[in-house]
Amino acid sequence: MLLTLGYAVKSSTSPFEPFHFERRNPGEHDVVIKILYCGICHSDIHQARNEWGGSTYPMVPGHEIVGTVTQVGKSVKKFKVGDTVGVGCFVDSCRECSSCKDHEEQFCAKGAAYTYSSTEMDRKTPTFGGYSSQIVVDEKYVLSISSKLPLASIAPLLCAGITTYSPLRRYQVGPGKKVAIIGLGGLGHMGVKLAVAMGAEVTVLSTSPAKEQDAKRLGAHKFVVTKDPKNLEPLANYFDFILDAVSAEHDPNMYLNLLARGGVLAIVGVPEKPFTLQPFAVISNRRQLVGSLIGGIKETQEMLDYCAKHDITSDVEIIPIDKISTAYERMLKGDVRYRFVIDMNSLG
Ligand code: NAP
Ligand code: ZN
Ligand code: ZN
């Protein structure tokens, strides 16, 4: 077994502390990855604190992983020692169901093996995530990373990047489309960069007036502060597509009313509490309320290649691993521009 050092929480209220555990020896199809950087997603906070229920402990979060291949199993074809690679939100799936066959492993009928707070497909072996020194993953679930862009800034693409890219593509965001992104956080700022690169007119809907300059720098054409609902009145029936990337309780009905005929509001944010839907908000203009969950391996690779081609990375603040708790507190206050990334060298 491979002795591994990570940072874990032992319960929903405990602090992060160093945690020693074992990863499996690489099998025929596995690659061993020395983790260099891991992004901090708001889902890590929701799960570490058991806000969605079903969390398992001890928990080593982290699903925005980039690193270097240090060992490969004897049948591995895609990778060799020294390659730069990534791992996202899941590390295996059944490979047989229609979702797996359609390259949408995130919807695996048997339940994908999520990167942490989950189990391998044997449904026994717990999975531990990227706040750690190394990870062992079947090559099918490992992504190729271009060495062209700064590695720390690529890590967040493995979740924030694919979670925004996938619905933008599915709903054909591009030239002539009016798009809004709600919540300029880790996901939201990637949504802005990607929608701008795809050629759409992009508006940021934010609760934070201080983010206006950043939104413009990221390429947004308009910035609207949502705290005063009056500011939204001129935007009624305006947008073709809205991405809701908000992590906390809010009212999506207010945003549905901004959609033009047949427009789509895609929810990717997962606040702890449910909301009430006003039927008229979707009946009017035949609006569509949809959800989206990360993306499959094939689409994640497509997104990484798209970002390499268009020089798109995340805006990051790099932190040592003993500052995770501070980073969580700062994220909850909206004090991050726009993703914390752990430098795994700091593990020592
Ligand atoms: P984040 O970096 O913390 O950003 C969340 C943003 O939401 C904040 O920057 C803020 O933007 C806005 N916000 C916060 N509190 C708010 C409130 N009370 N009312 C309105 N807006 C508020 O989080 P993230 O990592 O981007 O994740 C966002 C959400 O997506 C989380 O719930 C996460 O679990 C979920 N997620 C889902 C998927 C998926 O596959 N569906 C994947 C990854 C993450 P402003 O300051 O601009 O208002
Ligand atoms: Zn995530
Ligand atoms: Zn499956």
Side-chain angles (χ1 to χ4, degrees), residues 38-49 51-52 61-65 88-90 92-116 121 129-130 155-167 180-192 204-212 214-215 218 220 223-227 243-252 254-255 266-273 275 290-296 300 314-317 327-328 330-340:
C38 183
I40 297 183
C41 176
H42 207 114
S43 301
D44 300 350
I45 305 183
H46 291 307
Q47 292 186 87
R49 300 184 172 187
E51 290 173 357
W52 298 336
H63 57 208
E64 294 184 334
I65 299 167
C89 297
F90 55 90
D92 205 350
S93 66
C94 85
R95 309 168 191 217
E96 285 164 359
C97 73
S98 63
S99 293
C100 285
K101 286 195 171 138
D102 289 344
H103 304 284
E104 299 207 283
E105 301 90 348
Q106 73 276 31
F107 303 123
C108 175
K110 294 200 175 137
Y114 280 85
T115 305
Y116 66 85
M121 293 310 286
L157 302 182
L158 276 304
C159 176
I162 183 59
T163 301
T164 50
Y165 180 89
S166 182
I181 308 287
I182 317 172
L184 195 61
L187 265 57
H189 93 292
M190 289 313 307
V192 171
V204 171
L205 303 175
S206 173
T207 58
S208 309
K211 292 181 183 171
E212 177 160 10
D214 280 344
L218 297 170
F223 181 88
V224 179
V225 179
T226 52
K227 275 189 173 154
L243 188 72
D244 182 341
V246 175
S247 55
E249 205 175 347
H250 64 292
D251 178 17
M254 183 166 105
Y255 302 107
I267 293 188
V268 289
V270 193
E272 194 177 347
K273 296 206 179 99
F275 66 89
V290 304
S292 195
L293 177 68
I294 44 176
T300 304
S314 179
D315 289 15
V316 303
E317 178 176 337
Y328 278 23
R330 284 184 52 197
M331 274 172 82
L332 291 168
K333 285 190 287 186
D335 176 21
V336 51
R337 302 288 187 272
Y338 279 90
R339 199 54 138 191
F340 287 114

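Everything numeric here is computed off the predicted structure, so don't read it as measured data. Indexing begins at 1, ligand by ligand and atom by atom, following the structure's order.
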Hey, could you give me the [atom1]/[atom2] distance between [X] and [Y], rounded to the nearest 0.5 Å?
{"X": "Glu96", "Y": "Lys101", "atom1": "CD", "atom2": "NZ", "answer": "7.0 Å"}
{"X": "His42", "Y": "Glu51", "atom1": "NE2", "atom2": "CD", "answer": "6.0 Å"}
{"X": "Asp244", "Y": "Ser292", "atom1": "CG", "atom2": "OG", "answer": "12.5 Å"}
{"X": "Cys41", "Y": "His46", "atom1": "SG", "atom2": "NE2", "answer": "7.5 Å"}
{"X": "His63", "Y": "Tyr114", "atom1": "NE2", "atom2": "OH", "answer": "10.5 Å"}
{"X": "Ile294", "Y": "Thr164", "atom1": "CD1", "atom2": "OG1", "answer": "12.5 Å"}

Residues in the immediate environment of ligand 1 (any heavy atom closer than 4.0 angstrom): Cys41, His42, Ser43, His46, Trp52, Cys159, Thr163, Gly183, Leu184, Gly185, Gly186, Leu187, Ser206, Thr207, Ser208, Lys211, Ala245, Val246, Ser247, Ala248, Glu249, Val268, Gly269, Val270, Ser292, Leu293, Ile294, Arg339
Backbone N/O of Leu184 and side chain of Lys211: donor-acceptor pair under 3.5 Å: yes
Expected output: side-chain Arg330 to main-chain Asp335 donor-acceptor under 3.5 Å: yes
Any Val246 side-chain heavy atom under 4.5 Å of Tyr255 side chain: no
For the Zn ion (ligand 3), every protein N/O/S atom that sits closer than 2.8 Å, waters excluded: Cys94 SG, Cys97 SG, Cys100 SG, Cys108 SG
From CA spacing to verdict: side chain to side chain contact (heavy atoms under 4.5 Å, CB included), Val192, Val204: CA-CA 8 Å; Val192 171; Val204 171; 3.6 Å; yes
Contacts of type side chain to side chain contact (heavy atoms under 4.5 Å, CB included), residue Asp214, not counting sequence neighbours: Arg217, Arg337, Tyr338
Side-chain donor-acceptor pair present, Asp44, Tyr328, cut-off under 3.5 Å: no
N, O or S atoms of the protein lying under 2.8 Å from the Zn ion (ligand 2): Cys41 SG, His63 NE2, Cys159 SG
Pairing of Arg49 and Glu272 as salt bridge, 4.0 angstrom limit: no
